[in-house]
2 protein chains.
Amino acid sequence: MGGILRILNKDTRALPVRIRDVAKKLDLSVTTVSRALAGYDDVASATRDLVIETADEMGYVPQHAARQLRRQRTETIGLIFPTTGSRFSDPFFSEFIAGIGDETSRRSYDLLVSVAPPGEAEERAYHLWTNSRRVDGFILIRTRVDDWRISYLTKENFPFTSFGRSKTLETSPHIGVDGCSGVKDLVKHLLDQGHRRIAFIGASEELTFVGDRLEGYQIGLEEAHIAYDPDLVFEGDLTRAGGYEAAKILIERSPSPTAIIGVNDLTALGAIRAAQEGGLIVGKDLAIAGFDGTVAGEHAHPALTTVYQPVYEIGRQVSAMLIDLIENQAGSELDSLIRPRLIVRDSTLNSKPVPAD
Amino acid sequence: MGGILRILNKDTRALPVRIRDVAKKLDLSVTTVSRALAGYDDVASATRDLVIETADEMGYVPQHAARQLRRQRTETIGLIFPTTGSRFSDPFFSEFIAGIGDETSRRSYDLLVSVAPPGEAEERAYHLWTNSRRVDGFILIRTRVDDWRISYLTKENFPFTSFGRSKTLETSPHIGVDGCSGVKDLVKHLLDQGHRRIAFIGASEELTFVGDRLEGYQIGLEEAHIAYDPDLVFEGDLTRAGGYEAAKILIERSPSPTAIIGVNDLTALGAIRAAQEGGLIVGKDLAIAGFDGTVAGEHAHPALTTVYQPVYEIGRQVSAMLIDLIENQAGSELDSLIRPRLIVRDSTLNSKPVPAD
DNA sequence: CCTCCCATCCAAAACGATTTGGATAGTACA
DNA sequence: TGTACTATCCAAATCGTTTTGGATGGGAGG
């Protein structure tokens with residue numbers, strides 16, 4: 001189909017301009033051109049201006065590999081998604097990557113991305129990128145309570161920051177979100193609405209943030225002197241499908257819970273679906289809430305009560321922190337805790353009538 | 001908070017093993033080690049085995065920058081998201097990036113990612129990565145009818161493939177999805193259900209795929225001898241909010257449409273919300289359908305009728321095609337058209353009663 | 001014994017930038 | 001007139017690979 005495609009031929013590809021070409025054109029040494037472009041003050045300002053202008057109009061851009069080899073820095077940061085390919089559609093990720101991307105390009109860094117499920121492939125990926133000096137540092141996500149990545153990178157003395165803390169080391173540079181107090185606020189809100197049987201659909205407690213949120217749930221109940229009931233706690237898998245399955249079972253319990261907290265928005269959205277299929281009106285018969293503050297939750301029906309964390313902004317900060325670390329700029333705080341914000345919407349408001357059908 | 005953080009010090013960071021170190025340990029030349037590892041047959045097999053084993057146990061990995069400089073190839077492909085940071089949460093993207101990521105790492109390529117809104121910043125980004133030889137090729141997404149990127153890369157003779165074709169060149173390597181016939185199928189389905197006033201919420205027709213889908217809508221109506229009514233066509237912006245706004249207006253028209261097609265799933269989900277807020281039962285009072293086949297649509301309430309395109313698989317193929325192109329492997333087809341598949345769900349089935357409330 | 005041919009190895013030259021450690025010429029000052 | 005200093009420039013080394021173009025020695029064949 002579609003006619004003849006032009007064949008790409010490396011030999012015909014325009015050769016990029018090298019610093020040598022600029023030097024030759026101006027009858028200057030390579031050294032001077034290099035130093036002029038780098039802004040050193042041992043080159044006459046007239047010369048500097050001329051060099052900059054000429055380099056610009058010749059379209060000269062330093063070849064990355066050469067510079068990198070000489071300077072032994074890549075100006076690149078690495079991000080390895082700890083998940084396997086096809087089941088990877090958490091809206092969280094694209095927000096986060098956008099935050100990182102904006103900050104890195106602002107500081108003229110690049111972002112190298114890979115996907116590897118936790119385990120052997122993940123280890124290989126980190127080994128490769130550290131040993132080949134492919135990146136200057138890593139951003140870690142979905143930190144785990146016992147996190148191989150953190151001990152490895154620390155041992156290698158390789159810069160990294162993470163979204164979410166870990167218990168692997170006493171401290172390591174990261175941006176954390178206080179999931180515990182976030183869920184505590186949420187529980188308090190549900191208690192205010194009169195709920196007493198509140199369920200929690202979690203996920204693998206290997207993930208730090210899951211443990212944090214579960215803790216908030218427990219403390220919240222405790223403070224209201226409500227006994228913790230293990231039968232009301234389920235383990236999902238952070239997906240919508242996981243939330244759906246878990247909620248289905250919870251709903252058929254008796255006595256069934258009057259409120260369900262999903263460890264993230266996707267889980268909660270799955271639970272909403274299960275409830276609606278079971279003929280329940282969410283917000284009236286059953287309250288459901290999530291955590292994340294994704295757009296999907298905002299536009300759900302009914303709109304989802306959730307605990308909002310500024311994912312885009314966290315992406316920006318975590319990469320700013322990493323670049324500071326790489327460049328040894330002591331300035332920034334290396335250990336910040338963001339307090340997420342409760343957003344109450346219809347899915348937990350029984351006072352507001354649902355639209356008549 | 002958090003105690004004393006260990007300060008990273010470049011001087012104390014373990015020096016990576018160089019090929020020279022391996023050579024010295026084995027009392028061989030650097031050349032021989034290099035050739036042994038590369039699998040040339042001018043090194044004795046006993047020597048080769050020894051080299052490989054030693055290199056492995058010393059943890060030797062070639063430094064990427066040096067290799068890249070010498071070979072003048074990066075084994076990296078570039079992906080620049082043509083969108084601006086914060087409003088960037090289409091689930092489409094994460095699926096797509098996962099497909100690309102899996103294929104590139106299978107062929108031991110890396111993936112360099114950036115985010116730049118169409119316009120000047122985008123041009124700068126492409127210039128930089130081509131001139132600095134930062135990547136070996138590009139994957140283009142959201143191709144536009146008149147696409148600067150395609151003419152630029154073609155002019156520079158720089159390898160690229162795209163998801164979605166463009167009219168900028170007669171042909172260029174890409175994976176296309178036949179959005180026209182996809183929407184035509186959808187229209188036919190709606191006609192079968194008895195609909196006659198079918199609306200379409202699109203987006204900027206600058207985007208090729210939007211035009212394709214709109215064309216399918218028009219042809220579908222034409223074949224059923226239904227006059228095209230411009231009042232039933234709206235322009236959204238591919239987001240949920242855009243779909244919501246457009247649908248709100250459409251619903252209050254009189255006579256109002258009995259079915260709405262969203263150019264993508266997000267638009268359709270926005271429309272569902274607008275309909276529900278307006279007191280309509282989606283599937284009964286108003287049929288709504290989308291395009292993409294995202295999980296979000298599958299789990300919506302009611303589940304969304306849509307036209308499914310295998311985004312993960314397309315990501316894989318488009319990057320396989322690019323790598324073939326870079327390596328001059330003539331093998332693969334450079335111009336493939338995938339026919340998407342109609343998935344009918346409750347949002348367009350008025351026969352099935354909605355759950356009683 | 002001599003020649004030729006393999007099989008195996010290696011020294012040195014790239015690749016394209018940055019950085020080190022001067023060189024050169026003009027100026028100010030004694 | 002010398003000397004010291006400054007402003008401006010540059011040759012050469014360097015980063016760690018891969019690749020080019022031999023070198024070397026032993027065995028086969030005459």
Side-chain angles (χ1 to χ4, degrees), chain A residues 10 13-52 54-55 58-76 108 128 130-134 136, chain B residues 10 13-52 54-55 58-76 108 128 130-134 136:
Chain A
K10 279 184 190 129
R13 195 185 305 165
L15 289 175
V17 185
R18 295 153 304 172
I19 194 171
R20 185 191 315 170
D21 303 321
V22 179
K24 203 165 291 169
K25 176 155 199 171
L26 288 171
D27 206 34
L28 280 173
S29 77
V30 162
T31 305
T32 303
V33 174
S34 172
R35 295 183 75 80
L37 292 173
Y40 284 81
D41 64 355
D42 68 351
V43 17
S45 64
T47 315
R48 176 169 44 234
D49 294 349
L50 188 62
V51 167
I52 291 175
T54 313
M58 290 178 77
Y60 168 72
V61 175
Q63 187 164 314
H64 192 84
R67 160 182 293 207
Q68 185 176 325
L69 175 61
R70 172 64 230 221
R71 302 217 269 193
Q72 293 295 90
R73 298 190 279 121
T74 65
E75 299 198 319
T76 303
S108 56
L128 196 60
T130 51
N131 290 334
S132 67
R133 288 294 186 261
R134 195 71 229 271
D136 291 338
Chain B
K10 278 182 191 128
R13 195 185 304 166
L15 288 174
V17 184
R18 293 152 306 171
I19 195 170
R20 185 191 313 171
D21 302 322
V22 180
K24 202 166 291 171
K25 176 154 198 172
L26 288 172
D27 206 32
L28 281 172
S29 77
V30 162
T31 306
T32 303
V33 174
S34 173
R35 295 184 75 81
L37 292 173
Y40 284 82
D41 64 356
D42 69 350
V43 17
S45 64
T47 316
R48 176 170 41 236
D49 294 347
L50 189 62
V51 167
I52 291 175
T54 314
M58 292 178 75
Y60 168 71
V61 176
Q63 187 163 314
H64 192 83
R67 160 181 293 204
Q68 185 176 325
L69 175 61
R70 173 63 230 219
R71 301 216 271 194
Q72 292 295 92
R73 299 190 279 120
T74 65
E75 299 198 318
T76 303
S108 55
L128 195 61
T130 52
N131 291 333
S132 67
R133 288 293 185 264
R134 194 73 229 269
D136 292 337

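These numbers come from the heavy atoms of this one structure, side chains and all, not from hydrogens, waters or symmetry mates. The chains referred to below are lettered A, B, ... by the order of the sequence lines, with proteins before strands, and numbering in each begins at 1. None of these values were measured; they are calculated from a predicted model.
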Side chain to side chain donor-acceptor pair (under 3.5 Å) filter on A:R134, not counting sequence neighbours, yields B:H64, B:T76, B:D110

Between the OG1 atom in B:T47 and the CD1 atom in B:I52, the distance rounded to the nearest 0.5 Å is 11.0 Å

Under a 4.0 Å heavy-atom criterion, DNA chain C is touched by chain B from C:dT8 to C:dG16

From CD of A:Q63 across to C1' of D:dT17 the rounded distance in Å is 14 Å

When rounded to the nearest 0.5 Å, the distance separating OG1 of A:T130 from CG of A:D136 is 12.5 Å

Between CD1 of B:I19 and P of D:dC15 the distance, given in whole Å, is 15 Å

Sorted by position of nearest nucleotide on DNA chain C, 5' first, the leading residue of B:S29 and A:R71 is B:S29

B:K24 NZ to D:dT17 C1', in whole Å, measures 15 Å

Here the distance between atom P of D:dC15 and atom NE2 of A:H64, to the nearest Å, is 19 Å

- Query: Under 4.0 Å between a side-chain N/O of A:T47 and OP1 or OP2 of D:dC9, yes or no?
  - Reply: yes

The residue among A:R67, A:R70, A:Q63 that forms side chain to side chain contact (heavy atoms under 4.5 Å, CB included) with B:L69 is A:Q63

Whole-Å distance, B:E75 CD to D:dT17 C1', equals 13 Å

Should the pair A:D21-A:K24 be classified as a salt bridge under the 4.0 Å nitrogen-to-oxygen rule?
no

Nearest-nucleotide check on DNA chain C, A:A66 vs B:L28; residue mapping nearer the 5' end is B:L28

The reported gap from CG in A:D42 to OG1 in A:T31 (rounded to nearest 0.5 angstrom) is 10.0 Å

Rounding to 0.5 Å, atoms CG (A:L37) and CD1 (A:I19) come to a distance of 6.0 Å

Quiz question: going by heavy-atom distance under 3.5 Å, is there a donor-acceptor pair between the base of D:dT18 and the side chain of B:R70?
yes

Of the listed D:dC15, D:dT18, D:dA11, the closest approach to the A:T31 side chain comes from D:dA11

note: B:D42, atom CG; D:dT20, atom P; distance rounded to Å ~ 12 Å

A:D41 CG to D:dA7 P, in whole Å, measures 9 Å

Between CZ of A:R20 and C1' of D:dA12 the distance, given in whole Å, is 14 Å

Look at B:Y40 and D:dT18 and indicate whether a side-chain polar atom (N or O) is within less than 4.0 Å of OP1 or OP2.
no

